[in-house]
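This one's a predicted model, so the numbers in the text were calculated from it and none came from an experiment.
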Amino acid sequence: MRPKKYTKKQAEAAFINLKGWTLKENTIRKKITFKDFTQAFGFMTFVALEAQKLNHHPDWKNSYNKVSISLSTHDAGGLTELDFKMAKLIDKLLENGL
């Protein structure tokens, strides 16, 4: 079953609960700076494992100690519950020091 795309109002309401993310068009984005490459890559590994469980994978970029994440549900053509679930999961990993 394909996830249902959020309306603009639904996306804005869900976005209020996120910290350090930006909402732009049909994506939510976050840039994170780590101590070094190893820490950044380790974080990405943990996110990848969780993304696989959800079958929802981020668009991202890594440059040394920086990770840029962009979330959007391509199948739905915009933001869905999966994107906000993934964002909260990412934030929880960061809170736990990963």
Side-chain angles (χ1 to χ4, degrees):
M1 186 167 83
R2 206 163 96 173
K4 186 177 178 190
K5 180 181 171 181
Y6 276 8
T7 65
K8 185 177 179 178
K9 278 188 174 185
Q10 287 172 314
E12 288 171 350
F15 180 74
I16 289 171
N17 297 318
L18 299 179
K19 292 185 172 99
W21 292 81
T22 58
L23 174 63
K24 186 172 182 181
E25 297 169 18
N26 287 316
T27 62
I28 50 176
R29 300 173 183 177
K30 186 168 193 151
K31 293 181 180 179
I32 310 154
T33 302
F34 294 92
K35 182 178 126 189
D36 56 27
F37 175 76
T38 303
Q39 193 177 55
F41 195 82
F43 165 78
M44 291 177 74
T45 302
F46 277 100
V47 173
L49 293 171
E50 295 301 322
Q52 192 63 26
K53 289 178 192 174
L54 282 177
N55 194 28
H56 189 61
H57 307 89
D59 290 325
W60 55 12
K61 183 172 89 172
N62 167 242
S63 179
Y64 183 61
N65 68 332
K66 294 178 179 23
V67 176
S68 299
I69 303 169
S70 179
L71 298 173
S72 184
T73 305
H74 302 291
D75 295 13
L79 293 166
T80 68
E81 178 184 5
L82 283 173
D83 300 301
F84 292 97
K85 190 173 186 176
M86 178 59 74
K88 288 176 185 175
L89 222 156
I90 288 167
D91 285 345
K92 188 169 183 145
L93 288 171
L94 290 168
E95 286 173 18
N96 291 332
L98 297 177

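By the 4.5 Å heavy-atom criterion applied to side chains, K30 and L18 are not counted as neighbours. Taking the side chain as every heavy atom from C-beta outward, T80 and K4 never approach each other to under 4.5 Å. Here the side chains of L89 and F46 are not in contact, with every heavy-atom distance at 4.5 Å or above. Side-chain contact check for L79 versus F15: every heavy-atom pair is 4.5 Å or farther apart.
Within the 3.5 Å criterion, the main-chain N or O of A40 finds no donor-acceptor partner in the side chain of K66.
Here the closest heavy-atom approach between residue R29 and residue T27 is recorded as NE-OG1, 3.0 Å. Taking all atoms of both residues into account, the shortest heavy-atom contact from S72 to G78 is OG-O, 3.5 Å. Contact between P3 and A76 at its shortest, heavy atoms only, is O-CB, 3.4 Å. Closest non-hydrogen pair, V47 versus W60, comes out as CG1-CZ3, 3.4 Å. The shortest heavy-atom contact between Y64 and N62 is O-ND2, 3.3 Å.
Summarising the local packing, CD of Q10 is surrounded by more than 12 heavy atoms from other residues, nucleotides or ligands at distances under 6.0 Å.
Rounding to the nearest 0.5 angstrom, the gap separating the NZ atom in K19 from the NZ atom in K88 is 11.0 Å. Taken to the nearest 0.5 Å, the NZ atom of K85 stands 5.5 Å off from the CG atom of L54. We find the CZ-CD1 distance between F43 and I90 to be 5.5 Å, quoted to the nearest 0.5 Å. In this structure, T73 OG1 and E81 CD are separated by 10.0 Å, a value rounded to the nearest 0.5 Å.
Cluster membership check: L93 does not share its hydrophobic cluster with L82, using side-chain heavy-atom separations under 4.5 Å among Ile, Leu, Val, Met, Phe, Trp and Tyr. Tracing side-chain contacts under 4.5 Å through hydrophobic residues (I, L, V, M, F, W, Y), one never reaches F37 starting from I32; they form parts of separate clusters.
A salt bridge does not link E12 with K9: every distance from a Lys NZ or Arg NE/NH1/NH2 to an Asp or Glu carboxylate oxygen is 4.0 Å or more.
Screening K8, H74, K5 for a side chain to side chain contact (heavy atoms under 4.5 Å, CB included) involving N26 leaves a single residue, K5.
Using cut-offs of 30° and 60° on the angle between ring planes, the pair F84 and Y6 is parallel.
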Legend entry - Derivation of the side chain to side chain contact (heavy atoms under 4.5 Å, CB included) call for H56 and D83: CA-CA 8 Å; H56 189 61; D83 300 301; 2.7 Å; yes
Inset, instruction - Please test K92 against E95 for salt bridge (Lys or Arg N to Asp or Glu O under 4.0 Å), starting from the C-alpha separation and ending with a verdict. - result: CA-CA 5 Å; K92 188 169 183 145; E95 286 173 18; over 6 Å; no
